[in-house]
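Heads up, the thing below is written out as structure tokens.
Proteins get letters first, then strands, A, B, ... in listed order; numbering begins at 1 in each.
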Amino acid sequence: MAVTVRFAPSPTGFLHVGGVRTALFNWLFARHHSGRFLVRIENTDTSREVHAAAEQIVRSLAWLGLEPDEEPTFQLDRMAHHQETARALLETGDAYHDGGAIRLRTPSDGVIVWDDVVRGRVEVDNGTIEDLVILRSDGRPTYNFAAPLDDAASAITHVIRGEDHLSNTPKQLLVLQAIGGDRPIYAHLPNVHGPDGQKLSKRHGAVSVEEFRSAGYLADAVLNYLALLGWSLDEKTTVMSRSEIVRGFTLERVGSSPATFDHAKLRWLNGVHLRGQAQAAYGEALAAYLADIGFDGDAKLIRSSVPLVQEKLSTFAEYPDYCRFLFGPVEPDPAALVDAGPVLRGARDALRSVEPFAAPEIETALRAVADGLELKPRKALQPIRIALTGSKVSPGLFESIELLGRDESLARLAAAAA
RNA sequence: GCCCCCAUAGUCUAGCGGCCUAGGACGCCGGCCUUUCAAGCCGGAGAUCACGGGUUCGAAUCCCGUUGGGGGUACCA
């Protein structure tokens, strides 16, 4: 039987780290087995539904490249079927009315058992499970009734979800038993915690997928990082491409202890992925990101600046601070330029005649200036950098000058020397 | 309260009875490189494998207890 999995979020807000991790593991499992990955929005609790949350979730998944193999479905769309099933259960006596609701009759003794792929064998006393409401008094199904029904209807083979659903599993198994549905295989993933050990939430900083996107992270890096939260390929591999993860992913290597989200490691990993990109793709992604956040800069210039920054940035968000000087005037701190007159004038004279106006030639010329003034390169170049970029930290000076152009460079040098 | 789950360095993890004087990665510290910052390279500190009992010739690995953390206990998902 072909592997079919589903990611089933409730539309109560943005897709956050814990949610994506669950979605990712489902997607990886499906891809690894050439199976299908479905998305089902669990919207049976209409009172908690947040407007546009479903679209938001789907969009976040798309950004990460976790595209479902079918149009996402909404649980409530199958309400007629849920109600019909409840009625049938009523007729066989497996369910009964209670107030306005309908409850499933559950056994009071014995145990219900399943072999969880990540937890191992789990046994629950039937006595601890009370007759569960399957249809609310207003006719809407409850989650624990609708979910197993829908799983069965979609022929879900593996239910991969957060450990908060562990205690729902016996209930859903009981429902499945009552309707004679096939059992899927269950895998309950450990939670993702914040730095304080509490469940990850807003106050731990960026946790929604959208935030990572606007913070300049690469989807592949986020994916790589998330995959490592609870799963490992082997004893030493950290950096992996999407396809390497898909190839190596198995549920057997998913751990059962909760993980803490570490922004610093994500950041590092993002830098690694950024540096590994082809220059053209990097430029493409960078330009798209900058347009997204409203950075006003010529796309062509952005592209040509890629070689200057690719080795330096760990997120795209750092780009403006590094390269703002390429796109507009600078205001060097005069205090940092005292006594710099001779160097700046020397640089100006040298740059006036450099041919061609390219980094290697510029470097030769400026080093000669430093030599002539008997200054160490470190000493001589820093004021020039400040005059041209307005900052003590910048991309490579010579490449920056080339990109800035002769006229602009001379003008900035003159202004600073004055 | 009751039920369940988890427990290796600050963090993510490897480990599934002897290969472990516990491996990798982030972070941290130092050095090299160097036009700044990064990157890169080299080196270092950091874990009595939560604690206490067992089992075994031998335990991070198996069992029991304790502690800590988490989840559940809804006509929420």
- Task: Assess whether one donor atom and one acceptor atom, taken from the side chain of Lys265(A) and the base of A25(B), lie less than 3.5 Å apart.
- Result: yes

- Item | Pairing nucleotide - U21(B), Watson-Crick or G-U, each distance under 3.5 Å | none

- Would you say Glu123(A)'s side chain and Ile112(A)'s backbone share a donor-acceptor pair under 3.5 angstrom? no

- Do you see a donor-acceptor pair shorter than 3.5 Å between the side chains of Asp131(A) and Thr106(A)? yes

- Message: Between Ser241(A) and Glu244(A) (side chain of the first, backbone of the second, donor and acceptor by atom type, cut-off under 3.5 Å), is there such a pair?
- Response: yes

- Does A77(B) have OP1 or OP2 sitting under 4.0 Å from an N or O in the side chain of Thr44(A)? yes

- Query: Would you say the base of C12(B) and the side-chain of Tyr225(A) have a donor-acceptor pair closer than 3.5 Å?
  - Reply: no

- Note on the structure: Taken to the nearest whole Å, CD1/Ile129(A) to P/C3(B) is 14 Å

- Item | Check: Val20(A) and Leu64(A) side chains under 4.5 Å, non-hydrogen atoms | yes

- Using only side-chain N and O atoms of Arg119(A), determine if any of them is under 4.0 Å from OP1 or OP2 of G70(B). no

- Could you check which nucleotide pairs with U67(B) in any of the strands shown, counting Watson-Crick or G-U wobble with both distances under 3.5 Å? A7(B)

- hbond_proxy Asn168(A) side chain to A77(B) base (donor-acceptor, 3.5 Å cutoff): yes

- Query: Would you say Ser167(A) reaches G71(B)'s phosphate, i.e. side-chain N/O to OP1/OP2 under 4.0 Å?
  - Reply: no

- Between C75(B) and Arg103(A), is there an OP1 or OP2 to side-chain N/O distance shorter than 4.0 Å? yes

- Report the base-pairing partner of C2(B) (Watson-Crick or G-U wobble, both distances below 3.5 angstrom), or none. G72(B)

- Paired to G46(B) by Watson-Crick or G-U wobble criteria (both distances under 3.5 Å) is none

- Message: So, does Arg48(A) get its side chain near the phosphate of A77(B), meaning an N or O under 4.0 Å from OP1 or OP2?
- Response: no

- Query: Is there a donor-acceptor contact under 3.5 Å from the side chain of Asn224(A) to the main chain of Met240(A)?
  - Reply: yes

- Query: CD of Gln83(A) versus C1' of C75(B): gap in Å, rounded?
  - Reply: 14 Å

- Query: Roughly, in whole Å, what's the span from NE2 in His263(A) to P in C26(B)?
  - Reply: 18 Å

- Query: Is there a donor on the side chain of Ser137(A) or the base of C75(B) sitting less than 3.5 Å from an acceptor on the other?
  - Reply: yes

- Query: Under the 3.5 Å rule, do the base of U35(B) and the side chain of Arg385(A) count as making a donor-acceptor pair?
  - Reply: yes

- Sort out the partner of U56(B) for me: Watson-Crick or G-U wobble, both distances under 3.5 Å, none otherwise. none

- Item | For atom CZ of Arg378(A) and atom C1' of C37(B), their distance in whole Å | 11 Å

- Partner nucleotide, any strand, of C41(B) [Watson-Crick/G-U, under 3.5 Å]: G31(B)

- Note on the structure: When rounded to whole Å, the CD to C1' distance for the pair Glu318(A) and A38(B) reads 9 Å

